[in-house]
Each structure stands twice: as structure tokens, then as C-alpha cells.
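The chains referred to below are lettered A, B, ... by the order of the sequence lines, with proteins before strands, and numbering in each begins at 1. This structure is a prediction, so every number in the text was calculated from the model and none was measured.
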Protein chains: 2
Amino acid sequence: MSDASNPSLSRRERERRMRRRAMLDAASAVFAEKGFEQAPLDEIAERAEFGKGTIYNYFEEGKEGLLFALFDEAYDDLQALIRSNFEEAGDRSFRASFHNFVVESFTYYEEREDLFLNLIKESQRLCFSDDPEKTEYFRRQQQRTIEALASAVEAAAEEGDISPLPTRSVTYMLLEVVYDLIVHRSLNEHRDTTDATCLADVSLLHDAEAAADFLTTLLFDGLETRRDDSM
Amino acid sequence: MSDASNPSLSRRERERRMRRRAMLDAASAVFAEKGFEQAPLDEIAERAEFGKGTIYNYFEEGKEGLLFALFDEAYDDLQALIRSNFEEAGDRSFRASFHNFVVESFTYYEEREDLFLNLIKESQRLCFSDDPEKTEYFRRQQQRTIEALASAVEAAAEEGDISPLPTRSVTYMLLEVVYDLIVHRSLNEHRDTTDATCLADVSLLHDAEAAADFLTTLLFDGLETRRDDSM
DNA sequence: TCAGAATATGACTAATTAGTCATCATTTGA
DNA sequence: TCAAATGATGACTAATTAGTCATATTCTGA
């Protein structure tokens with residue numbers, strides 16, 4: 001849709017999309033560095049090599065339009081990642097799909113670090129904003145994200161692969177714990193202190209496989225010692 | 001320490017603390033309503049019925065000083081809540097302590113809604129700030145919070161009550177899932193739409209016991225169907 | 001080639017607000 | 001009582017910056 005190099009478009013349209021992309025990339029970098037509210041639009045314009053006024057030709061809503069266009073990308077990617085792991089899971093177990101989803105989420109974060117950082121830093125504030133347009137935006141995106149995973153959770157419960165807990169509650173928690181782990185990882189990267197003391201097992205922070213193993217074990221096997229293991 | 005009505009203090013000191021408290025309460029309300037960066041100090045002063053300059057006599061760092069004094073309170077309360085549930089657990093099981101901790105966390109959130117909202121809305125942005133003083137503040141508070149719970153997790157693992165997963169990783173996840181559930185709850189309260197669609201089981205959002213049951217079951221029993229249940 | 005459409009530009013305006021400090025009010029203790 | 005210290009005040013300053021728009025530039029199709 002926004003692929004700037006799509007050859008089926010006129011040069012005019014291709015160039016328009018390339019400029020839009022340059023503006024979004026510049027905005028993502030400046031927002032990630034200074035935070036949305038402290039990021040001057042002039043700096044975004046300068047980094048993208050445009051005049052400030054030009055940005056308003058591409059994003060009528062100005063700074064906020066840029067931010068929400070970035071959020072659109074992040075949510076689209078996340079929802080696509082969920083679908084590719086769970087809806088097209090083939091004959092993998094739900095547990096294996098989840099494990100793979102965690103690994104791929106880590107990879108995605110590495111590829112789009114700035115974008116993800118903007119979501120982390122700004123979304124909670126906006127979720128609780130007084131502007132109903134903004135809260136509605138997040139309600140819809142979160143709803144769509146949950147629905148993308150909920151059908152797979154429901155199917156797994158019907159197959160008897162997982163316990164019959166409330167589907168959407170389980171779905172919500174699965175998504176949150178992955179998010180939490182990625183936040184934790186990027187936080188420890190941001191604090192480049194020598195001691196990454198919060199998660200003592202340092203490998204969880206650098207090795208996506210180790211992190212996925214931990215999360216999957218915790219969530220699927222549970223914390224409590226299993227009696228059938230003890231004999 | 002900051003108890004404004006402590007009779008062992010001089011009137012002068014008691015009054016000073018009452019004024020400080022009034023300023024913090026006003027700040028908490030205005031921050032919660034408008035967000036820290038959009039909250040004018042004049043409005044805080046007006047609501048607390050002081051001149052703006054007076055606030056600087058009580059909080060040298062101005063607006064930011066108010067915010068971090070509020071964070072201090074939130075973290076102190078949270079750490080006290082953890083200690084009262086886990087360190088002074090008596091002969092309750094770790095699982096029962098956790099269950100009770102979830103219930104009391106919900107209660108705490110209801111009592112200090114504004115304060116908690118400020119933590120939700122502002123902490124991520126500040127955690128990832130460029131100012132090393134701010135990042136260090138959160139690193140220390142989060143470290144202290146984890147340590148408050150880690151010893152109980154370790155003891156439970158040694159007793160064989162929970163699986164021997166990495167202590168601090170487990171501790172971190174336990175705290176995060178409780179936090180997530182409270183955020184979810186306050187988000188659905190904030191969105192006073194008729195359909196609280198995200199967690200289909202609506203009771204999880206209003207009934208602290210039901211929420212604690214769900215979280216405890218999910219984390220301790222695990223998602224995967226247990227074989228020893230099936231016969 | 002060129003008229004006119006489309007697009008880019010950045011100086012400017014208007015609004016906001018954090019923090020200061022000269023001044024005024026109150027309290028203290030001798 | 002009153003002089004000195006302590007505390008409160010809010011008008012003011014200085015800095016920031018979002019969004020506008022008159023002008024300049026580039027592109028398009030005839």
C-alpha cells in the first residue's frame with residue numbers, strides 16, 4: 001500500500017510516497033530521541049531535508065499526524081506477525097507457535113527499534129488522554145490485535161491443548177507478557193550500565209531463544225511444581 | 001515521615017508538611033488530568049491555593065520535583081505492600097500470598113487512582129529518557145521493588161513450592177502481570193464505553209477476587225492442560 | 001515554449017509557560 | 001513592642017514552538 005518502489009505507480013506517486021517515508025523515518029528518529037512532546041517539528045523537517053511547511057502538505061495533522069501514522073505501521077506489523085504465526089501455523093502446536101512468535105517479536109523489535117520505542121513511550125499517555133479520538137484509536141487497534149490472536153487461543157482451548165480459561169483474558173495476557181519482555185530488553189539496552197541487574201539471567205535479554213523458552217515454560221507449564229514430574 | 005498530623009512535631013513543621021501535601025495532591029490531580037508536560041504549574045498552584053512562587057519554596061526542582069515526589073510515594077507504597085504480603089506471610093503458601101497481593105494491589109489502585117495513573121502515563125517516557133539522573137532513578141526503584149519480592153520467590157523455589165526458574169526473571173514477570181492487569185482495569189474504567197470488549201470476562205475488571213483467581217491460576221497452574229487432571 | 005497548476009518554503013505570528021525576584025506579609029524571640 | 005528572619009506572592013522575562021501563508025519554485029500538458 002505504501003511501498004514507495006511499487007512500479008505500478010506513476011513516478012509522481014512513487015516520489016510522493018518516498019517523501020512521505022523520509023518524513024516518517026525522520027519523525028520516528030526524533031520522537032525516539034526526544035519524546036513526542038519535546039520533539040520540534042523543525043528538527044524533523046531538517047532531518048528529512050524538507051521545509052517545515054512541506055510536512056503539512058503530507059500530514060495535515062502535523063506532528064500528531066506523523067505520530068499516528070507511525071502507530072499505524074507498528075500495529076499493522078504486529079497484527080501481521082500474529083497472523084503469520086498463528087493463523088498460518090500449519091500443524092505446529094499452539095505452544096510452538098507462541099514460542100516462535102516471541103522469537104520473531106524480538107527480531108521485529110531489533111529491526112524497528114525507534115518505532116517500537118515510540119509506541120512504548122507515548123502510547124500509555126495517549127491511551128489515558130482526554131481526547132476521545134485518541135482513546136478510540138487505541139481501543140480499536142488493541143481490539144484488532146487481540147482478535148487476531150483470540151481465534152487461535154479459542155481453537156487451542158477447544159482442541160484441549162490449553163486450559164479452558166476465558167479466551168480474551170488469556171489472549172490479553174499472552175500479548176502483554178511478550179510486550180513486557182521486549183520493553184525490559186530495550187530498557188536494559190538503553191541503560192548501558194555494566195550490571196543488567198533486573199533479570200539476573202542475562203541471556204534472557206540478549207538471546208531471543210532463551211527468552212522465548214523462559215516465557216513459554218512459565219506460561220504453559222506454570223510456576224507450581226507439577227506432581228507428575230516428581231516421580 | 002511525612003505524616004502531616006504527627007503530634008511530635010512543632011506546629012511550624014506540621015503546617016509545612018500539610019502545605020507540602022496539599023501541593024502534592026493538587027499536582028497529582030492536574031498531572032493525571034492533563035499529563036505532566038501539559039500541566040501548567042500555575043494550575044497546580046491555583047488548585048492548591050498557593051502562589052506559584054511558593055511551590056518553589058517546597059520543591060526546589062519545581063514541576064519535576066513534584067512528579068518525582070509522587071513517584072517516591074507510589075514506589076514506597078508498592079514496596080511496603082509487597083513486604084506486608086510476602087515477608088510477613090506467616091504460614092501462607094507463596095501462591096496464597098500472591099493471590100492476596102493481587103487483591104490488595106487492586107484496592108491500593110482504587111485508593112490512589114490519580115497517583116497510579118501518573119506512574120502509568122509518565123514512567124515509560126522517563127525510563128527511556130536521555131537524562132541519566134532520571135533513568136537511574138527508575139533503575140533503582142525497580143531494582144528495590146524486585147528485591148522486595150525476590151527473596152520470597154527464592155524461598156518458595158527452595159521449598160519446592162514453585163519450579164526452579166531464574167529467580168529474578170520470575171519475580172519480574174510476577175510484578176509485570178499484576179501491573180498489566182491494573183493498567184487494563186483502569187483503561188477500561190477510563191473508556192466508559194458500554195462494551196469493555198478487551199477482557200471478555202467483565203468480572204475480571206471489576207472484581208478483584210476474580211482477577212486474582214485468574215492470574216494465580218494462569219501463572220501457577222499454567223496454560224497447558226495437566227495430564228494428572230485428565231484421569 | 002509557456003501558462004497555469006501543483007508543490008515547496010521558511011519567516012512570521014501568536015500562544016504558552018517555566019522559573020525569577022522584588023516586594024509584601026507574617027512570625028519569632030529578645 | 002519591634003527588628004530581623006522567614007515565608008508568600010504573582011507580575012514579569014525569556015525561551016520555545018506549532019501552525020500559517022505569501023512567495024518562490026517546479027512540473028505538466030498543450
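- The list of ring pair (Phe, Tyr, Trp, His ring centres under 6.0 Å) pairs with a residue in residues 35-66 of chain A, not counting sequence neighbours, reads A:F31-A:F36.
- In this model, the phosphate group of C:dA8 is approached by a side-chain N or O of A:N57 to a distance below 4.0 Å at OP1 or OP2.
- The side chain of B:R19 places no N or O atom within less than 4.0 Å of a non-bridging phosphate oxygen (OP1 or OP2) of D:dG7.
- The interatomic distance linking B:I55 (CD1) with D:dG10 (P) rounds to 12 Å, in whole Å.
- Here B:F59 lies out of heavy-atom contact (under 4.0 Å) with every strand.
- Rounded to whole angstrom, the span from the CD atom of B:E13 across to the P atom of C:dT28 amounts to 13 Å.
- Contact check on A:R185 versus A:E110 returns a salt bridge, with a Lys/Arg side-chain nitrogen under 4.0 Å from an Asp/Glu carboxylate oxygen.
- When rounded to the nearest whole Å, the span between CZ of A:F50 and P of C:dT7 equals 13 Å.
- Shown here are the side-chain hydrogen bond (donor to acceptor under 3.5 Å, both in side chains) partners of B:Y179, two or more places apart in sequence or in another chain: there are none.
- Take A:Y108 and apply the ring-ring contact (aromatic ring centres under 6.0 Å, His included) test, not counting sequence neighbours, and it matches no residue.
- Between A:R16 and A:E13 no salt bridge is recorded (no basic side-chain N to carboxylate O distance below 4.0 Å).
- Remark: B:E33 pairs with B:R47 by the side-chain hydrogen bond (donor to acceptor under 3.5 Å, both in side chains) rule, at least two apart or across chains.
- Fit an axis to the five pairs at each end of the helix from C:dT1-D:dA30 to C:dA30-D:dT1 and the two axes sit 10° apart, to the nearest 10 degrees.
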Can you name the atoms? Protein N/O to nucleotides 4-6 of chain D N/O, anything below 3.5 Å, with the distance.
unit_1 : atom_1 : unit_2 : atom_2 : d
D:dT6  : O3'    : B:R12  : NH2    : 3.0

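- When the side-chain hydrogen bond (donor to acceptor under 3.5 Å, both in side chains) test is applied to A:E104, the partners found at least two apart in sequence or on another chain are A:N85, A:N100.
- Shown here are the side-chain hydrogen bond (donor to acceptor under 3.5 Å, both in side chains) partners of B:D130, two or more places apart in sequence or in another chain: there are none.
- Annotation: ring-ring contact (aromatic ring centres under 6.0 Å, His included) contacts of B:Y137 (sequence neighbours excluded): B:F68.
- The separation between B:I44 atom CD1 and D:dG10 atom C1' is 16 Å, rounded to whole Å.
- Residue A:E46 contributes atom CD, which lies 14 Å from atom C1' of C:dT9 at whole-angstrom precision.
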Anything under 3.5 Å between a donor and an acceptor, one on a side chain of residues 111-119 of chain A, the other on a protein residue two or more places apart or in another chain? List them.
unit_1 : atom_1 : unit_2 : atom_2 : d
A:R112 : NH2    : A:E73  : OE1    : 3.0
A:E113 : OE2    : A:Y109 : OH     : 3.2
A:N118 : OD1    : A:A32  : N      : 3.1
A:N118 : ND2    : A:S28  : O      : 3.2
A:N118 : ND2    : A:S28  : OG     : 3.3
A:N118 : ND2    : A:D114 : O      : 3.2

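- Residues satisfying the ring-ring contact (aromatic ring centres under 6.0 Å, His included) criterion with B:F106, sequence neighbours excluded, are absent altogether.
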Give every pair of a protein N or O atom and an N or O atom of nucleotides 18-22 of chain C that lie under 3.5 Å apart, one pair per line with the distance.
unit_1 : atom_1 : unit_2 : atom_2 : d
C:dA18 : OP1    : B:K63  : NZ     : 3.1
C:dA18 : OP2    : B:L41  : N      : 2.8
C:dA18 : N7     : B:K52  : NZ     : 3.2
C:dG19 : OP2    : B:Y56  : OH     : 2.9
C:dG19 : O5'    : B:Y56  : OH     : 3.4
C:dG19 : N7     : B:K52  : NZ     : 3.0
C:dG19 : O6     : B:K52  : NZ     : 2.6

